[in-house]
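Heads up: the structure comes next, in structure tokens.
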Amino acid sequence: MSAGPYTLAAAAAALDEGATTSVALTGQCLDRIDQGNDALRAFLRVDRAAAEEAAAAADARRANGQPRGPLDGVPVAVKDNIVDVTGPTTAGSRILEGYTSPFDATVVHKLRAAGAVVVGKTNLDEFGMGSSTEHSAYGGTTNPWDKSRTPGGSSGGSAAAVAATQCYGALGTDTGGSVRQPAAFCGVAGLKPSYGRVSRFGAVAFASSLDQVGPFARDVKGCAHLLAALAGPDGRDATSSHAPVEDYAAACDQDRPLKVGVVREYQNQDGCDDDVLAAQHKAEQTLREAGATVVEVSLPHAHLAVPTYYIAATAEASSNLARYDGVRYGPRRGEEGGLESLYRKTRGELFGPEVKRRILLGTYVLSTGYYDAYYLRAQKVRTLIRRDYDQAFADVDVLLTPVAPTAAFGIGEKTDDPVKMYLSDVFTIGVSLAGVCGLSVNVAFTDAGLPLGVQLVGPAMGEASILRAGTLVEQGVNLLEKRPQGT
Amino acid sequence: MTVTDQTIDDLLKLARLEVDAAEHDRLRDDLLRILTFVEAISEVDTDGVEPLVHMTTAGDPLRSDEAHDVLGKAAVQGSAGFTGEYVRVPQVVE
């Protein structure tokens with residue numbers, strides 16, 4: 001066990017009391033990154049000098065009695081598909097190799113305004129497309145609990161970095177489960193906010209109707225503190241919501257009546273491990289013991305979520321990724337053969353196989369003759385899926401579901417079969433399609449010592465409820481002291 | 001459901017992607033597998049169901065009508081073809 005505070009809230013409190021300094025905490029995190037990154041590859045970029053400078057500035061603010069932000073001096077990491085001016089943002093792709101944004105994403109600006117110290121940028125599946133971080137063009141991240149396994153994805157670097165105590169919190173993006181599933185695989189907490197809760201300005205677009213930036217931390221309250229810093233409207237993102245931002249950290253501890261729904265359709269899900277269902281039962285029991293009522297609810301179209309997603313998300317991706325044409329960003333190929341050659345060779349050579357697969361699928365479902373049968377129909381099914389969630393939330397406050405059908409899978413286990421990989425997001429994708437919020441909390445370990453999470457799902461802008469339910473589960477199972485070896 | 005080599009050629013052209021023969025074949029096989037998988041959505045009755053187009057129900061909020069700084073040339077400074085003034089592209093007019 002490492003010295004010093006373990007959770008983000010404990011780190012913030014220790015800084016506040018003067019029990020430690022940001023220079024010390026940041027130095028510890030940077031040293032752990034240096035020691036661990038060859039094996040873990042959680043970071044694509046480490047900003048030692050900038051982080052040390054920000055840490056010293058945070059310590060000076062405290063020493064001089066200047067105003068301090070809620071995350072003042074706390075070391076955090078940012079997924080490398082969220083732009084910042086400090087250095088290159090690759091989105092895990094060769095097509096953006098060496099590309100540095102001229103502006104900070106709103107969420108990066110907000111982290112800095114809250115006083116957080118950004119230590120670097122984390123690894124991901126290229127453009128967020130994947131469930132294992134194996135589709136990073138810069139080599140995959142490994143799981144801190146078992147180096148032969150993936151950390152999940154696409155925000156695998158952020159999840160692994162938090163689990164391996166290389167930072168106290170991290171930002172990810174979640175389009176179909178890319179925060180929640182890696183959080184579960186790495187035994188940390190991860191939150192996908194409701195659509196519109198957090199600005200997407202400066203988050204590299206994958207599927208604009210689904211993408212959300214979300215926080216990781218070692219515990220639920222850490223996520224709450226980060227969400228509090230991130231949430232709110234942004235004039236640069238017309239889809240950001242003006243709904244009031246609640247006191248999310250306080251919500252974790254506020255007693256509230258909770259009626260919890262377990263989803264009938266998920267009880268016999270194909271390919272779902274017994275361990276995963278046992279973990280869900282454990283969380284259910286914990287919530288009952290904490291006074292919650294648990295009832296069964298139905299999401300009748302749940303089985304259509306993954307197919308719907310792979311039509312809607314790829315259609316949007318094929319459009320969003322059209323901007324990488326070799327002209328506007330980063331490196332280029334094939335210039336000698338003319339403009340058409342420049343487009344085709346830059347994209348053909350610099351996009352990875354999964355990205356090309358999804359662009360092609362998206363192009364197919366949007367093309368003449370297939371649009372109605374695929375894209376338009378998928379949008380209609382999406383309406384049905386959203387109605388399912390609306391109906392469920394008319395009866396219950398939160399839903400309790402698994403996060404993924406298995407614990408962390410082995411490196412290379414699913415890379416040959418895209419559909420198999422896609423199905424690892426079967427429990428998280430519906431939440432994204434409906435635009436509601438979901439929180440992944442660690443509740444158990446397999447016999448082999450791999451973390452198992454559960455997902456708490458709330459209605460749109462219902463983050464306070466899932467943070468409260470997640471806190472109850474976390475306190476009931478009491479596993480925060482269990483950490484990956486070497487941390 | 002069929003995905004032919006011609007289908008892949010057409011899609012690659014539309015998407016401005018050039019791939020080698022091995023990747024072409026892999027894309028054809030993968031696309032067939034994925035399209036067969038997503039075919040499940042054709043089973044459900046969607047008559048009279050409106051497509052979900054907007055994620056938010058709050059309408060379109062308008063920002064205040066004030067001038068802000070724009071990025072200008074900085075927006076393309078990361079391009080490999082940026083000359084400091086323009087972005088260089090291959091000749092398009094003979």
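Just so it is clear, the model here is predicted, and its values are computed rather than measured.
- Among the candidates B:Ala74, B:Ala75, B:Pro51, the residue making the largest number of heavy-atom pairs closer than 4.5 Å to chain A is B:Pro51.
- Of the two parts of B:Ile34, the backbone and the side chain both hold a non-hydrogen atom closer than 4.5 Å to a non-hydrogen atom of chain A.
- Within the 4.5 Å cutoff, the side chain of B:Leu27 has heavy atoms near those of the A:Arg357 side chain.
- Neither the backbone nor the side chain of B:His68 comes within less than 4.5 Å of any heavy atom in chain A.
- Only the side chain of B:Glu23 comes within contact range of chain A, with at least one heavy atom under 4.5 Å from a heavy atom of that chain.
- Atom NE2 in B:His54 sits 12.0 Å away from atom OG1 in A:Thr239 (nearest 0.5 Å).
- Contact annotation for A:Tyr329: only backbone heavy atoms (N, CA, C, O) come within less than 4.5 Å of a heavy atom of chain B.
- Atoms NE2 and CG, from B:His24 and A:Leu360 in turn, are 9.0 Å apart once rounded to the nearest 0.5 Å.
- Between B:Val44 and A:Arg377 there is a side-chain heavy-atom pair separated by less than 4.5 Å.
- For A:Glu336, no part sits under 4.5 Å from any heavy atom of chain B, backbone or side chain.
- Heavy atoms only, all atoms of each residue included: A:Leu304 and B:Ala40 are closest at CD2-O, 3.6 Å.
- Put simply, the side chain of A:Arg332 reaches to within 4.5 Å of the side chain of B:Arg88, judged on heavy atoms.
- Using a 4.5 Å cut-off between heavy atoms, B:Thr7 contacts chain A through its side chain alone, with no backbone atom that close.
- Of the atoms belonging to B:Val92, it is side-chain heavy atoms, and not backbone ones, that fall under 4.5 Å from chain A.
- Separating the CG atom in B:Leu35 from the OH atom in A:Tyr310 is a distance of 14.0 Å, to the nearest 0.5 Å.
- If you measure heavy-atom distances from A:Ile385 to chain B, you find no contacts under 4.5 Å at all.
- Contact count versus chain A (heavy atoms, under 4.5 Å) is highest, among B:Leu14, B:Asp30, B:Val76, for B:Asp30.
- Of the residues considered (A:Gly235, A:Ala312, A:Ser209), A:Ser209 shows the highest number of contacts with chain B, using heavy-atom pairs under 4.5 Å.
- If you take OG1 on A:Thr100 and CD on B:Gln77, they are separated by 8.0 Å, rounding to the nearest 0.5 Å.
- Of the atoms belonging to A:Asp417, heavy atoms from both backbone and side chain fall under 4.5 Å from chain B.
- The contact between A:Asp416 and chain B is made entirely by backbone atoms, counting heavy-atom distances below 4.5 Å.
- Heavy-atom contacts from other residues, nucleotides or ligands closer than 6.0 Å to CG of B:Asp20 number more than 12.
- Here A:Arg386 is the residue among A:Arg236, A:Arg386, A:Lys345 with the most heavy-atom pairs under 4.5 Å with chain B.
- The pair A:Arg347-B:Glu18 does not count as a salt bridge, with every side-chain nitrogen at least 4.0 angstrom from each carboxylate oxygen.
- Within the 4.5 Å cutoff, no side-chain heavy atoms of A:Lys356 are placed close to those of B:Arg26.
- Surrounding OH of A:Tyr370 are at most 12 heavy atoms belonging to other residues, nucleotides or ligands under 6.0 Å away.
- Interface residue A:Ala434: only backbone heavy atoms are found under 4.5 Å from chain B.
- Rounding to the nearest 0.5 Å places CG of B:Leu17 at 11.0 Å from CG of A:Leu350.
- Looking only at side-chain heavy atoms (C-beta outward), A:Leu361 and B:Leu11 stay at 4.5 Å or farther from each other.
- Note: A:Leu342 CG to B:Arg16 CZ = 11.5 Å, rounded to the nearest 0.5 Å.
- With a 4.5 Å cut-off on non-hydrogen atoms, A:Tyr422 touches chain B through its side chain but not through its backbone.
- Of the residues B:Ile41, B:Val49, B:Asp45, B:Leu52, the one that meets the side chain to side chain contact (heavy atoms under 4.5 Å, CB included) test with A:Leu384 is B:Val49.
- When heavy atoms are compared at a cutoff of 4.5 Å, A:Arg387 approaches chain B solely by way of its side chain, counted from C-beta outward.
- Residue A:Val327 touches chain B through both its backbone and its side chain, counting heavy-atom pairs closer than 4.5 Å.
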